[in-house]
Structures are given as C-alpha cells and as structure tokens.
Amino acid sequence: YPENLSVGRPKNDPRAPQVAYCTGLACEALGDAAKARELSTQAAEQPETERWPETRFYQALSLVKLGQREAADKVFDQLVEDGKKRTREQGSADFFAKFGQEQTRRSQLATAHYLIGLGLLGRENAQEARKEFAQAVELNAAHLWARYQREAIGQ
C-alpha cells in the first residue's frame, strides 16, 4: 500500500485481491516467481470477501496459481450457482431504484450473467463465458467489467 498516503489499507478492500493477482502476473512475467507467489497468497487469503463476487473470482485465480485447483473450482462453481440463482429470483426494482439506491431488474440480471461468466471463465470455458458477458452488456451497457471480460476473451 502506498506509503505516501496518510491512511492505511482498508481492512476489506474489494479490489485488493484483483490488484495483488494482476501484480503477481506482472512479477511472474518479469521472472520474480517468489514475489508472484507472495502476491498470489496475499490475494487468496484476504478475509471477509463473501459479499464481493469479483473479489472471490480473483482469489480463485490466485488459488490456481498456488496449485489449489480443486479449491478454486469450488469458488468458480459457486459463482455460476450464485448467478443462476439470481436469474431465477423474482426481484424487482423498488421505488428508489430510479434514484440510484437500488439496482433495476435489468441491472440485477446483468450482474447475474456477469457472475456466471466469471465462473465459466475460471473453469476455462471461455466461449460460454463470453456469451454470458455479452448478455450482461446487452442488459446493462454500462457494465464496465462485463464489457472488459468479453473483449479480453476476444472471438
């Protein structure tokens, strides 16, 4: 965490595992395997991440890097299940959704398809994952991470 900031690292930073995972990839590409492993461990071990599905995705990718594929697959499978469950829920937007305090049903469905896509991507099913990300973007054109993942997979 940058020393020049006057505050410490947040206890539950939802992007910390993603940052650690990506930094670990960079270290690995530069030939620093020890630092890459340290960062993967740091990403995988962040506590209290249950409420942030994308955080769990990067933790699972870190588990794969650490040779714990079975544990990672459980996380990927749970992401798919969570997403499917959300698509089946009869959620509705409440009155305050138009003021940005709640998600609209389309946004909820976009998030559900995004979660399914993350799980499928983690299970190395890129083509099906791309379809889920495309569905998420169709439901919510402003879903930046679904758009990113879809483009990262390519054709």
Side-chain angles (χ1 to χ4, degrees), residues 1-89 91 103 107-155:
Y1 206 72
E3 294 293 325
N4 63 335
L5 296 180
S6 59
V7 296
R9 177 182 297 281
K11 289 183 181 178
N12 292 319
D13 181 0
R15 290 283 178 206
Q18 181 181 7
V19 171
Y21 173 77
C22 292
T23 304
L25 290 179
C27 289
E28 185 178 52
L30 292 171
D32 191 347
K35 184 66 175 175
R37 184 165 183 77
E38 175 187 329
L39 288 162
S40 290
T41 301
Q42 178 184 335
E45 293 178 353
Q46 171 137 350
E48 300 178 34
T49 59
E50 294 79 26
R51 61 184 162 183
W52 301 305
E54 192 170 29
T55 299
R56 294 186 350 236
F57 172 70
Y58 285 100
Q59 286 180 305
L61 289 178
S62 295
L63 288 170
V64 171
K65 288 287 186 185
L66 295 169
Q68 299 177 35
R69 183 72 204 200
E70 189 174 314
D73 284 345
K74 287 179 184 177
V75 175
F76 296 137
D77 291 343
Q78 189 61 51
L79 288 170
V80 171
E81 272 309 305
D82 288 350
K84 287 181 178 180
K85 180 181 173 188
R86 289 181 188 203
T87 62
R88 292 187 301 264
E89 290 175 352
Q103 290 185 326
S107 292
Q108 292 168 355
L109 286 172
T111 299
H113 285 285
Y114 175 65
L115 295 180
I116 295 168
L118 289 177
L120 292 170
L121 185 60
R123 288 295 244 155
E124 299 178 351
N125 190 343
Q127 291 310 321
E128 290 300 313
R130 188 177 198 295
K131 290 177 187 176
E132 294 294 334
F133 295 136
Q135 182 69 29
V137 170
E138 185 178 316
L139 288 163
N140 180 1
H143 201 302
L144 176 67
W145 288 105
R147 187 177 298 275
Y148 167 79
Q149 292 291 359
R150 181 191 67 188
E151 298 305 317
I153 292 170
Q155 299 296 334

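What you are looking at is a predicted structure, and each value in this text was computed from that prediction instead of being measured. All heavy atoms count here, side chains included; hydrogens, waters and symmetry mates do not.
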Short question: side chain of Gln59, backbone of Gln46 - any donor-acceptor pair under 3.5 Å?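 Indeed, once roles are kept as given, a pair shorter than 3.5 Å links the two residues.
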Gln78: which residues meet the side chain to side chain donor-acceptor pair (under 3.5 Å) condition with it, sequence neighbours left out?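 Gln78 satisfies side chain to side chain donor-acceptor pair (under 3.5 Å) with Asp82 only.
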With Glu81 via salt bridge (charged side-chain N to carboxylate O under 4.0 Å, His left out) - residues at least two apart: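 Glu81: no salt bridge (charged side-chain N to carboxylate O under 4.0 Å, His left out) contacts found.
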Return the minimal non-hydrogen interatomic distance between [X] and [Y], and the atom names on each side.
X	Y	answer
Ala126	Ile153	O-CD1, 3.6 Å
Leu66	Thr41	CD2-OG1, 3.6 Å
Gly83	Leu115	CA-CB, 4.1 Å
Pro17	Ala43	O-CB, 3.5 Å
Leu118	Phe76	O-CD2, 4.3 Å
Leu79	Arg56	CD2-NH2, 3.4 Å

Please, which pairs that meet ring-ring contact (aromatic ring centres under 6.0 Å, His included) have at least one residue in residues 18-51, sequence neighbours excluded? Tyr21-Tyr58
Atom pair [atom1] ([X]) and [atom2] ([Y]), whose distance is rounded to the nearest 0.5 Å:
X	Y	atom1	atom2	result
Gln18	Thr55	CD	OG1	8.0 Å
Leu144	Gln149	CG	CD	10.0 Å
Ser40	Leu25	OG	CG	7.0 Å
Leu63	Lys74	CG	NZ	11.0 Å

Solution key, residues 131-141 side-chain donor-acceptor pairs under 3.5 Å, sequence neighbours excluded:
| unit_1 | atom_1 | unit_2 | atom_2 | d |
| --- | --- | --- | --- | --- |
| Lys131 | NZ | Glu128 | OE2 | 3.2 |
| Glu132 | OE1 | His113 | ND1 | 2.6 |
| Asn140 | OD1 | Ala142 | N | 3.0 |

Please tabulate, one pair per line, all N/O donor-acceptor pairs under 3.5 Å involving side-chain atoms of residues 32-39, not counting sequence neighbours.
| unit_1 | atom_1 | unit_2 | atom_2 | d |
| --- | --- | --- | --- | --- |
| Asp32 | OD1 | Lys35 | N | 3.1 |
| Lys35 | NZ | Glu38 | OE2 | 3.4 |

Listed partners of Trp145 passing ring-ring contact (aromatic ring centres under 6.0 Å, His included), at least two apart: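 By the ring-ring contact (aromatic ring centres under 6.0 Å, His included) rule, Trp145 matches Tyr148.
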Just so I know, are the side chains of Glu89 and Gln108 near enough to count as touching, which here means a heavy-atom distance under 4.5 Å?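 Heavy-atom side-chain distance check fails, nothing below 4.5 Å.
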Any pair counted as salt bridge (Lys or Arg N to Asp or Glu O under 4.0 Å), so long as it reaches residues 113-126, sequence neighbours left out: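 Non-adjacent pairs meeting salt bridge (Lys or Arg N to Asp or Glu O under 4.0 Å): Arg69-Glu124, Asp73-Arg123, Asp77-Arg123.
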Please list, chain by chain and in numerical order, all residues satisfying side-chain contact (heavy atoms from CB on, under 4.5 Å) with Arg51, sequence neighbours excluded. Asn12
Could you tell me whether the side chains of Tyr114 and Glu54 share a donor-acceptor contact shorter than 3.5 Å?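 There is such a pair between these side chains.
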